[in-house]
Every structure is written in structure tokens, then in C-alpha cells.
Amino acid sequence: MLDVRKVKALVRIRASSVVLALFVLLTQTASLSGCSAIRNSKIGMAVEFNNHAAFAYIAKENGWYEETGLGITSYESYSTGMMLSSALARDDIQVAYICLAPALLSYAQGVPIRIVAGCHKYGFGFVVQPDIDSLQDLEGKTIGCVREGGMTDILLNRLISNHNLADINIQRMTPQKQILALSTGQLDAALLPEHQATLAESMGFNIILSSNDLWPDLQGSVLVVKSDLIEKETGTVQELVNVTQRASIWLADYPKEAADLVAKELDTDADVVLKSMNRLEYTTDLNQTSIQEMIDYMVDLDYIDEGRIEIEHILDLSFLERI
């Protein structure tokens, strides 16, 4: 007897595949007709070592960069967005999938970049020792965080301000070291990016607050490119955005396969990565209101001089508009 549920599931899978195939065909056609052609570009790329960069990992593992003529000459991974922001100042890095705050800080410090697509919303968690039940228990405790200017540092400032936390000690270290310090009891809590927050949770620690709670509609990470790449090779930038959008569709259609692939890149457990990825909203859309709020808040924290960043100068929405 025909199983109607299986038939419906098969139809959904095939329809999803058709949508992805049509998207690939249409974006390739659009890039050839609407932009300067790709010249087998040689691109230095940098990413963060977490599942915020899922689009980059998916595109790389599926061979989509090479398929579209994008020659990746270097592919560097950094523990934090602040480390990545330093690399952006080098001439050999033209493209990066990076958290918003470090991207803004790079631009404010004179690195000529433009934000051309989003990667995800949210993506951070406040992790505590099992004996901590509430934020009030943090008085006199030690909290781990990345250095000033990173996304978790921005969120920690917001957490301290919103909940009037005063007597706390902040220890600056990479997310990987924060997890180790939690395990050895050197830290009472840590503000971690995903997938590290969920990894810590799998080890017995508790996530008592997420970035969704601290900052609704938070723009998490973005795709940035150097300005001269836009000026000299518009078609190359369009293909980068097209491939990123293609990865977003593939991730939405095949979340388990995407988690397996990302877990392989991060050398960690696929179930942890899948649970973590479900805590993010992966999208290439850019939340301009959230970006402006981040600029304003970084000015308030004296991380950026007032007037140093005009949102219309750092954002280039033309590539997203073409797809």
C-alpha cells in the first residue's frame, strides 16, 4: 500500500532540490550579465573557528568556490574575531566571514572593508558552573571573555549594565581556553560564541542566558570584502555573495548534512554542532537597525570615535539586491 507520508516527504525533498538548482542557474546567469566577469580571481580568505562561519565551510567542502572560478589562495582560521580583524589589515586577506563588532572596529581603524552580506543572527551564550542558578549569584565571581571589542565583550558589557553587576572579575582569553578554565574551576562563567557555548553545555555547564535575551535581532556575523576588490572585480564579489546565499539554502534544506560537514571542519561532535546551529538564525540578510545599534553602542563604550562610521559607507547592499 502506498505510504502517503513518504510520498509527501519525497516531493518536498525534490522540490527543495529544484529550488536550489534554479537558484544556482539564475545567480550564475545574473553574475555574467550584470557584473564584470570573474578573472579566475585569487583570493585570501579568513574565517572564525566556530560555526558562525558555516556558510564558508559548506561552500569550501562542496567545492563551490572553485566551481565559480574563485581561487582561494589562502584559507585562514582564527580563534576570535579580534584576531581575525588584525589579519584583515594585511594585503593578502581580501575576504572574511567575521563577527560584526570586530568588522566595525577594523573599519574604524582604517581597514578599507565593506559589508556585503550577513551570515547569521544571534550565536552567543552565557555559560555558568552548575552551582550558579541566577545572574545574582555572579557577585564576586570570575567571568571569561575575549578581549575588548569582540562580540562577547560587547555582550558582557550589556549584561553588566542591564543587570547592575558590579563585583565581578573579568579574565580575557580565547573561547577554547575559557572552556578549559571552566573545566578546571578557574572560571565561574564565560560568555562564549557558538558552537563553543553548546560544547560547554555538553560537558555539564549551563547556559542561563543567550544573546537573543541580551540583544533582540542581533546581527551576528557578516561577510566583508576589501574595497579595492569591489572596485576592481565586481563580478568576483557578486559570486562570493551568490555562493554564500547558495550555502544558506543548502544549510536550510540539509541541516544534518551541514552539521556533519561543519563538525568535520571544527573537529568536534556533529550532534553538538547540530544543536548549536539550531540556536542561530542563518541568513544572508543584513539587519541595518541592529548594525546601527552596534555602532552606537561601541561609540558609547569608547571603542569607536563618534562619527567614525557612517552605516551607508560601510554597507554595500547592491550584491544582495541582485540575488
Side-chain angles (χ1 to χ4, degrees), residues 48-52 78-86 98-102 104-105 120-216 218-221 266 268 272 275-276 279-280 290 293-294 297-304:
E48 291 185 42
F49 188 74
N50 53 46
N51 63 10
H52 292 183
Y78 294 86
S79 295
T80 69
M82 294 302 291
M83 292 178 180
L84 199 165
S85 68
S86 298
I98 182 174
C99 284
L100 176 61
L104 294 174
L105 201 58
H120 65 88
K121 293 167 65 175
Y122 316 121
F124 306 87
F126 191 55
V127 181
V128 299
Q129 294 283 356
D131 61 342
I132 295 177
D133 297 319
S134 68
L135 294 175
Q136 286 65 43
D137 294 338
L138 294 172
E139 294 295 334
K141 304 296 186 182
T142 302
I143 300 175
C145 189
V146 299
R147 52 181 276 215
E148 294 84 350
M151 283 291 280
T152 55
D153 169 70
I154 301 293
L155 291 169
L156 181 56
N157 273 282
R158 191 144 176 154
L159 174 65
I160 292 170
S161 175
N162 288 357
H163 296 276
N164 299 313
L165 300 179
D167 183 23
I168 59 172
N169 177 39
I170 301 174
Q171 292 292 321
R172 306 286 179 178
M173 58 186 77
T174 66
Q176 292 89 342
K177 290 182 178 179
Q178 288 176 54
I179 293 175
L180 179 61
L182 281 168
S183 300
T184 57
Q186 298 175 61
L187 290 179
D188 299 294
L191 229 166
L192 293 166
E194 293 293 352
H195 66 291
Q196 282 100 343
T198 301
L199 177 61
E201 182 184 49
S202 73
M203 297 166 63
F205 303 102
N206 297 325
I207 298 177
I208 63 169
L209 202 67
S210 73
S211 47
N212 312 40
D213 305 311
L214 283 170
W215 198 307
L218 175 70
Q219 179 70 53
S221 295
L266 299 175
T268 193
V272 168
K275 184 176 182 180
S276 170
R279 288 172 163 160
L280 281 71
S290 179
E293 287 175 353
M294 182 64 69
Y297 194 58
M298 293 179 75
V299 169
D300 290 342
L301 293 173
D302 291 326
Y303 289 167
I304 295 174

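Numbers here are sequence positions counted from 1.
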Can you confirm whether [X] sits close enough to [Y] that some side-chain heavy atom of one is under 4.5 Å from a side-chain heavy atom of the other?
X    : Y    : answer
M83  : E48  : no
L100 : I154 : no
M151 : V146 : no
Y303 : L104 : no
M82  : D153 : no

Just verifying a value: how many Å separate Q129 CD and D137 CG, rounded to the nearest 0.5 Å? 12.5 Å
In Å and rounded to the nearest 0.5 Å, what is the CZ to NE2 distance from R279 to H120?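 Atom-to-atom, R279:CZ and H120:NE2 are 14.5 Å apart.
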Just grab all the side chain to side chain donor-acceptor pair (under 3.5 Å) pairs involving residues 180-194, residues at least two apart or on different chains. T184-Q186, E194-T198, E194-S276
Test salt bridge (Lys or Arg N to Asp or Glu O under 4.0 Å) applied to E293 - qualifying residues, sequence neighbours left out: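 Salt bridge (Lys or Arg N to Asp or Glu O under 4.0 Å) list for E293, sorted by chain: empty.
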Testing the basics here: between Q171 and T142, what is the closest heavy-atom pair and its distance to 0.1 Å? CG-CG2, 3.4 Å
Under 3.5 Å donor-acceptor, Q219 side chain and S221 backbone: yes
Check for a donor-acceptor pair, side chain of S202 on one end and backbone N or O of L199 on the other, with a separation under 3.5 Å. yes
Assess, by modelled atom type and distance only, whether the side chains of N157 and Y297 contain a donor and an acceptor separated by less than 3.5 Å.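 Checked: N157/Y297 side chains show no N/O donor-acceptor pair below 3.5 Å.
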Report, one line per pair, each donor and acceptor closer than 3.5 Å where one atom sits in a side chain of residues 203-214; sequence neighbours left out.
residue, atom, partner, partner atom, Å
S210, OG, N212, N, 3.3
S210, OG, N212, OD1, 3.3
S210, OG, D213, OD2, 3.2
S211, OG, G123, N, 3.3
S211, OG, F124, N, 3.2
S211, OG, F124, O, 3.3
D213, OD2, S210, N, 2.9

